[in-house]
Amino acid sequence: MASGKHFKYIVLGGGVSGGYAVREFAKQGVQPGELAIISKEAVRIILPSPLSPLVAPYERPALSKAYLFPQNPARLPGFHVCVGSGGERLLPEWYSEKGIELILSTEIVKADLASKTLTSAAGTTFTYDTLLIATGSSVIKLSDFGTQGADSNNILYLREIDDADNLYAAIQAKKGGKAVVVGGGYIGLELSAVLKMNDLDVTMVFPEPWCMPRLFTAEIAAFYESYYTNKGVKILKGTVAVGFDADANGDVTAVKLKDGSVLDADIVVVGVGGRPLTNLFKGQVAEEKGGIKTDAFFETSVPGVYAVGDVATFPMKIYNDERRVEHVDHSRKSAEQAVKAIKGKEAGSAVEEYDYLPYFYSRSFDLSWQFYGDNVGDAILFGDADPGSAKPKFGSYWVKDGKCVGAFLEGGSPEENAAIAKLARAQPPAASPDELKAAGLQFASKI
């Protein structure tokens, strides 16, 4: 076994949460040599480049948007954390300057929380005093279900930068070709848009009755589906991919659907969800709702072990329940909260409980929406939801038990988005549905 290394703090996971945790440690005054971040993402050699080839943590949302743009696509080092929230860009050199060890291309295959030891695939051991689990999620693959032909070439997924590189290369190789997007959620909608922007013939396929069903109402979804249709994206609902055909080279040629139809395909992109990466800790920590159970400071049932981002099931104070949230905003904020709690406990100073307001957003084509709060109760649509409008602008309020508990807005200004966030936090008494519909954004702006 390779010799071990000890650190006061280890952040396990090199994604958004990991990057924001490290920045918060630096803000709180971590000493050189105390902190390591361990990531399985590979060292990349990008030539010619004067910059370090290391992939320090980066803002994942760029991968489904600007990274794949046909003109002036985003590339590292342009979107390292923490630019996504308006912060400084942490290049690999930043870590070395701070005395923070960036341990890349290192997959941890065993975690023994009792002995505070992590073991890598290469047999190297790492010991710690405090562990922050920021392992995120892995994509669900069709091959996991034994879908026939799912291992064919050019059936692609998107999670890490290498996946985005593979997709970008396929787009360049198949210019003007046919792309099938399997899934109607975040990834499905964002990638369908970017594939269309790259002049591919795009078809979306998903089993639900409308897109983004976990958040969108049928009325909201109808707008986006019509908008995408007007852009030339074909949408097939209520069916799933059951198999794939490939040519002699193993390249995908067609998608077979459950309803019996067959779609020609040069590229298939699959976005059917993710699974939180918690297997290393099974049986060692308390779990809840598919994640690792934490308190309001993201400490797990094992003292000195914290979990943040996708893997954490935490108290949602505003709704008095426990939830697991898969979104970049929570990934950033939970990481910062955990580090403040770790350092606060050391200093004997109090830290406020995490009081998160759910927030989701997306951008595609010329569209941009934001949602705050809880999408429960009755939904009231307001504004101009005509997909043929030059600048459509509409929203929805959700009313439960006489209170406005959630708000969605397409095409809002920063001030208007701030107003719906304030409303979702305040949960004011709701007017009648007709009055809400008539008032529209004015109702939020008066809060």
Side-chain angles (χ1 to χ4, degrees), residues 61 64-65 181 184-186 188-197 202 204 206 208-235 237 327 329 357-400 403-447:
S64 61
K65 304 177 184 73
V181 176
Y186 258 113
L189 284 166
E190 292 185 354
L191 290 183
S192 291
V194 86
L195 288 165
K196 193 67 201 172
M197 288 164 63
V202 181
M204 282 182 80
F206 50 89
E208 297 87 0
W210 61 79
C211 66
M212 284 284 285
R214 287 197 294 178
L215 175 59
F216 289 178
T217 62
E219 290 177 304
I220 293 172
F223 166 83
Y224 291 98
E225 289 172 9
S226 296
Y227 190 98
Y228 273 54
T229 300
N230 292 346
K231 289 284 190 181
V233 176
K234 294 180 278 295
I235 298 175
K237 299 182 277 189
H327 194 264
D329 180 61
L357 177 69
Y359 164 54
F360 300 93
Y361 71 88
S362 186
R363 294 185 296 275
S364 57
F365 292 121
D366 294 323
L367 303 174
S368 176
W369 60 259
Q370 294 193 12
F371 166 84
Y372 294 89
D374 217 8
N375 59 327
V376 293
D378 298 321
I380 292 117
L381 195 75
F382 62 85
D384 176 11
D386 178 357
S389 293
K391 289 206 82 168
K393 184 172 181 177
F394 70 95
S396 179
Y397 296 122
W398 278 263
V399 176
K400 185 176 183 229
K403 293 190 298 186
C404 203
V405 296
F408 172 97
L409 184 60
E410 165 62 48
S413 68
E415 295 76 19
E416 290 164 340
N417 288 326
I420 66 164
K422 188 177 176 185
L423 173 139
R425 171 67 75 183
Q427 300 182 61
S432 73
D434 287 344
E435 287 173 317
L436 272 180
K437 194 174 185 69
L441 266 175
Q442 288 300 310
F443 178 72
S445 64
K446 289 175 184 173
I447 303 303

Atom [atom1] of [X] and atom [atom2] of [Y]: how far apart are they, to the nearest 0.5 Å?
X	Y	atom1	atom2	result
Lys391	Asp366	NZ	CG	8.5 Å
Met212	Tyr224	CE	OH	9.0 Å
Met204	Lys196	CE	NZ	13.5 Å
Asp386	Phe394	CG	CZ	10.5 Å
Phe371	Phe408	CZ	CZ	9.5 Å
Glu225	Leu189	CD	CG	8.5 Å

Kindly give the heavy-atom pair with the smallest separation between [X] and [Y], and that separation in Å.
X	Y	value
Tyr372	Asn417	CE1-O, 3.6 Å
Phe382	Leu436	CB-O, 4.4 Å
Arg363	Ser368	CG-OG, 3.7 Å
Ile447	Ala426	CG2-CB, 3.9 Å
Phe223	Ala385	CD1-O, 3.4 Å
Ser396	Ile220	CB-CD1, 3.9 Å

**Request:** Go through the steps for Tyr227 and Val233 under the test side-chain contact (heavy atoms from CB on, under 4.5 Å), then give the verdict.
**Result:** CA-CA 9 Å; Tyr227 190 98; Val233 176; over 6 Å; no
**Request:** Return yes if some donor-acceptor pair links the side-chain N/O of Glu435 with the main-chain N/O of Ser432 below 3.5 Å, else return no.
**Result:**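 Side chain of Glu435 to backbone of Ser432, a donor-acceptor pair under 3.5 Å: yes, one is there.
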**Lys393 side chain to Asp384 backbone, donor-acceptor under 3.5 Å** =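 The answer is no, because no donor-acceptor pair under 3.5 Å joins these two groups.
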Looking at side-chain heavy atoms only, is the closest gap between [X] and [Y] below 4.5 Å?
X	Y	value
His327	Tyr186	yes
Leu409	Gln370	no
Leu423	Tyr397	yes
Asn375	Thr217	no
Cys404	Phe443	yes

Does [atom1] in [X] sit with more than 12 non-hydrogen atoms of other residues, nucleotides or ligands closer than 6.0 Å?
X	atom1	value
Lys400	NZ	no
Lys422	NZ	no
Lys403	NZ	no
Asp378	CG	no

**Item:** Test applied, ring-ring contact (aromatic ring centres under 6.0 Å, His included); reference residue, Phe216; option that passes from Trp398, Trp210, Trp369
**Value:**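 The single option meeting the ring-ring contact (aromatic ring centres under 6.0 Å, His included) with Phe216 is Trp369.
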**Request:** Could I get the full list of side-chain hydrogen bond (donor to acceptor under 3.5 Å, both in side chains) partners for Glu190, not counting sequence neighbours?
**Result:**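 Once residues adjacent in sequence are excluded, the partners of Glu190 under the side-chain hydrogen bond (donor to acceptor under 3.5 Å, both in side chains) criterion are Ser64, Lys65, Ser362.
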